[in-house]
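Down below is the structure, laid out as structure tokens.
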Amino acid sequence: MKISILGCGYVGLVTGACLAEIGHEVMCTDNDLCKIQTLQQGTLPIYEPHLDEIVARNTEDGRLKFTGDMGEAVRFGDAVFICVGTPPLEDGDADLSAIDNCARLIAEESRGTKLVIEKSTVPMQTGEKLKRALAIYSRNSGYSFTVASNPEFLQEGTAVSDFLHPDRIVIGVDNKSTERQLREIYRPIIEHSLVCPIHNGNCPLDRSSRFVVTSINSAELIKHSCNSFLALKISYANLIADICENMGADVQEVVHAMGLDPRIGPDFLRAGLGFGGFCLPKDIQAFIRLGEKAGVDVSLLKNAESVNKRRIDSFLAKIRQALWVLKDKRIGILGLAFKANTDDIRFAPAMELIRKLQQERVHLQVYDPQAMEKTKPLFPAIRYCTDPYEVAEKAEALLIVTEWAEFKTLDWKRVRDLMLRPLVMDGRNLLESAKMKALGFEYHGVGKPNADGLPVGNAQRKKLRNVQLMRFGAVERYQATNRAKPSAKPVVGL
Ligand code: UGA
């Protein structure tokens, strides 16, 4: 089938390249002409494992094309996938102006009827609005458009594999013929007949690629419900981590046992610096707004979001507790991307952490295997190192912020000897506490008993809580509810 892709971000590029890989003729476009020129020259604007080889092969074979002429792209396809961004507005709502622009473009440029598929993450009822917009914008042309929703569940870092071996393909349609068209688009994946380019014939067989057909509203809701549930799971793990830290248990032991229950499952229970990226933080906000508009009590979602927002402050409180004064200290950061195997820094915990440490006048030296180039324009004044060992040089603390596998296998003895003080604050529980301590590190993970392997004592817990409350600006509220005498200064320890 001939397919047009509007938007060449993470979703559009992966979708376009993979649809070409399974045999379709695909033309992609974007309103960012620099991006299109980069793609036409054979360079990818993003890092995503396996995407470069798929783009290169399909471009060479003539199945995948990039054009800056958006009208040409629209006219090319029988089906048009909308893969444009839906960033958050000030109030948390999704900004749907790019979807509206696509509707106008499709209506004005089409020379025949087309299937229009929303792939972008959008609030429920957007499909209905898209249908109306297409009808209004095309009233003089006489062409009609069918709309479907086809939410994506790709994870950055494994997006190509997720696309070719999905655990489900969800389509929201309002008639059988649209369902048939979408089945045809995904047939090689549904029937497992594709020659997968990444597993060399050893594709995961456990993925049954269920094809789920729903109404358009339900399909849109499925996407937001999934991302918000993942966010809830992570915040729940982080809440348990805080309890573990204050009362003396180990969150990894707790969530491991929880995950063995098939009703709970092991995934998305990793405690740490919280969820970042361009999806979970904005989607939970948009879902909160949707729930409020629907007149539903969304405090469950709001609490998950606020647990997440406090992660960096509580990490900073621990750093401060370990280092006492931060000003003028040299601190190394390992990891800038919002998670491993991507160069994406949008809403990455590292960005907020760097901003806050800079306010404290800390000397920062950082390293990430993929995300340095994207970070440099945001923080030109920090030191970008060529490898993790340079980050360790003369540092008084090393912070692990992204869970890159290569950080796990560093020569940690060498790291220790390079540091001024062998202090590691592991925001992702990437390393093993016992091993690090045996190597002579002061090591602090997330949701672990304190440095001696003992529960934090009552007095220390109270001090810690005061420090945290001071930082969150909640002292007055705390005093009012507890009728306790205020502690004059935040308490810090060494
Ligand atoms: C997320 C969803 O997982 C995808 O299913 C969805 O398709 C995608 O959003 C989207 O809407 O496009 P992604 O943004 O790539 O995918 O990232 P995740 O793997 O979900 O991770 C999000 C954040 O949560 C990361 O910062 C990660 O470090 C953090 N995380 C994840 C945890 O802190 N703990 C965990 O146990 C898992």
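None of these values were measured; they are calculated from a predicted model. Note that ligands are numbered from 1 as they come in the structure, with each ligand's atoms numbered from 1 the same way.
Side-chain atoms of Asn238 come within 3.5 Å of backbone atoms of Gly272 as a donor-acceptor pair (strictly under, hydrogens ignored).
Not counting sequence neighbours, the partners of Lys408 by the side chain to side chain contact (heavy atoms under 4.5 Å, CB included) test are Leu430, Leu431.
Counting only residues at least two apart or on different chains, the salt bridge (charged side-chain N to carboxylate O under 4.0 Å, His left out) pairs with a member in residues 218-237 are Glu152-Lys223. Within the structure, the salt bridge (charged side-chain N to carboxylate O under 4.0 Å, His left out) test picks out the following pairs touching residues 259-274 (sequence neighbours left out): Asp261-Arg263, Arg270-Glu403.
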* Worked check of ring pair (Phe, Tyr, Trp, His ring centres under 6.0 Å) between His192 and His165 -> CA-CA 9 Å; His192 299 280; His165 304 290; 7.7 Å; no

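Listed as neighbours of ligand 1 are Glu152, Phe153, Leu154, Gln155, Glu156, Lys223, Asn227, Leu230, Ile234, Phe268, Leu269, Arg270, Gly274, Phe275, Gly276, Cys279, Leu280, Asp283, Phe338, Lys339, Glu403, Arg428, each bearing a heavy atom under 4.0 Å from the ligand.
Counting heavy-atom neighbours within 6.0 Å of Lys435 NZ, excluding the residue itself, gives a total of 12 or less.
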